[in-house]
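Values reported hereafter were calculated over all heavy atoms of this structure, with side chains retained and with hydrogens, waters and symmetry mates removed. Quick note on labels: first sequence line is chain A, next is B, and so on, each numbered from 1.
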Amino acid sequence: MVNPRLVHLKKRGEFLRVASARRKFVTPSLILQARPHDESDAEDTAPIRVGFTVSRRVGNAVVRNRVRRRLRAAAEEIMPGFADANSDFVIIGRRSALGQEYTGLTGHLKSALAKYEKENNKQKPIAE
RNA sequence: CCAGACGGUCGGAUGGCUGCCUUUCGCGUUUCGGCGCGGGGGGAGGAAAGUCCGGGCUCCACGGAAACACGGUGCCGGGUAACGCCCGGCGGGGGCAACCCUAGGGAAAGUGCCACAGAAAGCAAACCGCCCGGCUAAGUUCCAGCUUGCUGGAACAAAGACGGGUAAGGGUGAAAGGGUGCGGUAAGAGCGCACCGCGCUGCCGGUAACGGUAGCGGCAUGGUAAACCCCACCGGGAGCAAAACCGAAUAGGGACGGCCGGCCGGCAUUGCCCCAGGAUUUUGUUCUUGGGUGAUGGCUGGCAAGCGUGUUUUCGCGCUGCUGUCCGGGUAGGUUGCACGAGGCGUCCGGUAACGGGCGUCCCAGAUGAAUGGCCAUCUAUCGUUGCCGGUUUCGCCGGCAGCGUGGACAGAACCCGGCUUACAGGCCGUCUGGCACC
RNA sequence: GGGCGAUUAGCUCAGUUUGGCAGAGCACCGUGUUCACAUCGCGGGGGUCACUGGUUCAAGUCCAGUAUCGCCCA
């Protein structure tokens, strides 16, 4: 396995499904998209699933690789402790992630995850 | 020491914490496909890029070969698996030089084009001009006559049209039919001569491209082929998203069964029998056409029934076989292709070189939403700034040392290899050229 | 990864085949018409032909290279 606690999204359809949930949180260095699991894929809830997107507008191949690797390192450090395990995430890299301090990068990810958690808890009582 | 030319090479280093991909060994486990744990090895480039050429490999097409068409290449010789690449040489151009640039076959095989300007743009012609000839002839001079200012004659002659000679000069243009000089001439002209250029022939050197030289010709043959074209040589097409194998779920196709089967009509297919016609045959027979009759969950129309649905009724819409086993195509996905190769390094030999050969040694990335990383510390190249010192053609420039700050250029394999082109902070090494100083 | 195409005025496009003056429509400016505006008439400005070299007397056009944008292939 890639990581015992993080599984990567690989299919184009999975990315589109996360984007269609329309839950987006913007920070200076990254954009977080999230989607809670529904009944259809609730049978195994253990790994957090996350995908990375860095478009061509960010830069050439070297820049894109570096942005994606820094974001992946930050996600592997932060997400097992902070993220809701019953959700899929897509992290979209922005150009400023290249020069951002690493602690700032993890801070941005933490704040985006916290916003998602807060919104989720606010919605739950209505749903139940 | 300064300035420059060419070639080669490197393209951050070390350590710590923590991850990813791959491979191998050991142990454990297994539903025999693998999985887990631990140890070891390996993990981006000179351009991995652009996709501009050449090959390997795969599929498609094709009896062999050639030709046509289309595309490409284009001085000569060599290297190579091959090339439009590389090496050496030649011609032309540039630079004081080292050296650099060069798509560089054919324009007397043919066609096209050469705008504007100019007389004329390709075959020789003639606008202005220059010169000659006779003709007309203002005018000037001289002679003769006499009606003394007129007439006649002669010579010279501005100018004009005409006929001829010429291409030196003018002007236009990117380009005007060899150039310069002397002679020559009515004026001119390769008309003659010398040198240069050009062409032809011979000789010498060279494998050749080509170079040198002698004689002859007296200038004929403008440019454009990255315009069509001619000549010589090369090329079948597509590309690893090629191709091969395994293969879910869902829908649909086919075969064989089981259960159940509302009525009427049309079409189609088909079996058997009957009737009629035709063909064939001696006959039997066989074939065929039409009609009748029966069958077929093959299509279709209507009514009825059932189910679903619009909240319910009326009313409307949609569906009508259900089910089991097997087969084939094939999607998602997976595996192979896929990394031992025109391989790297060292050394010796041949060759001016590109390169070739022998020997030894090494195994050196294989991802697929795509691994080769993230964070930290120290050092270092560079750059900025400050101070000090030294050199010097004072502004200034160069070099060294120290402090502070910044902190690496272009750029990421995607089947592989040989080239080309493009991007690139800077460092190091070697060879050579010019200038200055000293011995 | 591989295979193709495009780039001309502020915008949309001709012109490229066969080299010679860079054009059209809309937009912009001035002016006339109108009490005023629109429409309409007349006149005008605006271009490194994406960029860099080469061939040619001459390049938007021909030939190489570069940049940007777009399309197709499982």
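The distance from atom CG of Asn65(A) to atom C1' of rA49(B) is 14 Å, rounded to the nearest whole Å. Taking atom OH of residue Tyr102(A) and atom P of nucleotide rU18(B), one finds them 15 Å apart after rounding to whole Å. Atom CD1 in Ile91(A) sits roughly 18 Å away from atom P in rG369(B) (whole-Å rounding). One interatomic measurement links the two molecules: CG of Asn60(A) to C1' of rA44(B), which rounds to 15 Å at whole-angstrom precision. Rounded to a whole Å, the CD atom of Glu77(A) is 11 Å from the P atom of rC376(B). The distance between atom CD1 of Ile78(A) and atom P of rG19(B), rounded to the nearest whole Å, is 15 Å. To the nearest angstrom, P of rU18(B) lies 15 Å from CD of Glu76(A). Rounded to whole angstrom, the span from the NE2 atom of His8(A) across to the C1' atom of rA367(B) amounts to 14 Å.
Taking 4.0 angstrom as the limit, Arg69(A) places a side-chain polar atom (N or O) nearer than this to OP1 or OP2 of rU372(B). Contact annotation: Arg68(A) does not reach the phosphate of rG374(B) (side-chain N/O to OP1 or OP2, under 4.0 Å). For the OP1/OP2 pair of rC375(B) and a distance below 4.0 Å, the side-chain nitrogens and oxygens of Arg70(A) include at least one atom meeting the criterion.
Using a 90° window around 0 for the glycosidic torsion, rA61(B) falls outside it and is classed as anti. Base orientation at rG33(B) is syn, since its O4'-C1' glycosidic dihedral falls within 90° of 0. Glycosidic conformation of rC57(B): anti, with the torsion beyond 90° of 0. In rG46(B) the O4'-C1'-N dihedral to the base is within 90° of 0, which defines a syn nucleotide.
Distance check on atom P: rG45(B) versus rG12(B) gives 10 Å, rounded to whole Å. Taking atom C1' on both nucleotides, rC230(B) is separated from rA65(B) by 26 Å, rounded to a whole Å. The same atom, P, is picked in rG15(C) and in rC101(B); the two are 41 Å apart, to the nearest Å. Comparing the C1' positions of rC240(B) and rG366(B) gives a spacing of 15 Å, expressed to the nearest Å. Going from the P atom of rC219(B) to that of rG192(B) covers 8 Å, rounded to whole Å. Between the P atoms of rA370(B) and rG374(B), the separation comes to 16 Å (whole Å). Distance check on atom C1': rU80(B) versus rG54(B) gives 11 Å, rounded to whole Å. As rounded to the nearest Å, rA208(B) and rG105(B) have C1' atoms that lie 15 Å from one another.
Considering all non-hydrogen atoms of both residues, Ala74(A) and Thr106(A) come closest at CB-CG2, 4.1 Å. The nearest pair of heavy atoms linking Phe25(A) to Glu119(A) is CE2-OE1, 3.9 Å. Ala97(A) and Ser29(A) get closest at one heavy-atom pair: CB-O, 3.5 Å. Closest heavy-atom contact between Gln100(A) and Arg70(A): O-NH1, 2.9 Å.
Under the Watson-Crick or G-U wobble criterion, with both distances below 3.5 Å, rA255(B) is paired with rU325(B). The partner of rC27(B) is rG36(B), judged by Watson-Crick or G-U wobble contacts that both fall below 3.5 Å. Under the Watson-Crick or G-U wobble criterion, with both distances below 3.5 Å, rC71(C) is paired with rG3(C). Nucleotide rG145(B): paired with rC150(B) (Watson-Crick or G-U wobble, both distances less than 3.5 Å). Figure legend. rG139(B) is base-paired to rC156(B); pairs are counted as Watson-Crick or G-U wobble with both atom distances under 3.5 Å. Pair check for rU382(B) finds none; no Watson-Crick or G-U wobble contact set falls under 3.5 Å. Under the Watson-Crick and G-U wobble criteria, each requiring two contacts below 3.5 Å, nucleotide rU55(C) is left unpaired. Pairing of rC13(C), defined by two Watson-Crick or G-U wobble distances under 3.5 Å, is identified with rG23(C).
Closest to the side chain of Val62(A), from the set rA371(B), rC375(B), rG412(B), is rG412(B).
The nearest heavy atom of RNA chain B to Glu101(A) and to Gly51(A) marks one nucleotide each, and the one closer to the 5' end goes with Gly51(A). Between Phe52(A) and Gln100(A), the one whose closest nucleotide on RNA chain B sits nearer the 5' end is Phe52(A).
Looking only at side-chain heavy atoms (C-beta outward), Ile92(A) and Lys24(A) stay at 4.5 Å or farther from each other. No side-chain heavy atom of Val67(A) sits under 4.5 Å from any side-chain heavy atom of Phe52(A). Taking the side chain as every heavy atom from C-beta outward, Glu77(A) and Leu109(A) never approach each other to under 4.5 Å. Two residues are said to be in side-chain contact when any heavy atoms from C-beta on lie closer than 4.5 Å; Arg94(A) and Val58(A) fail this criterion.
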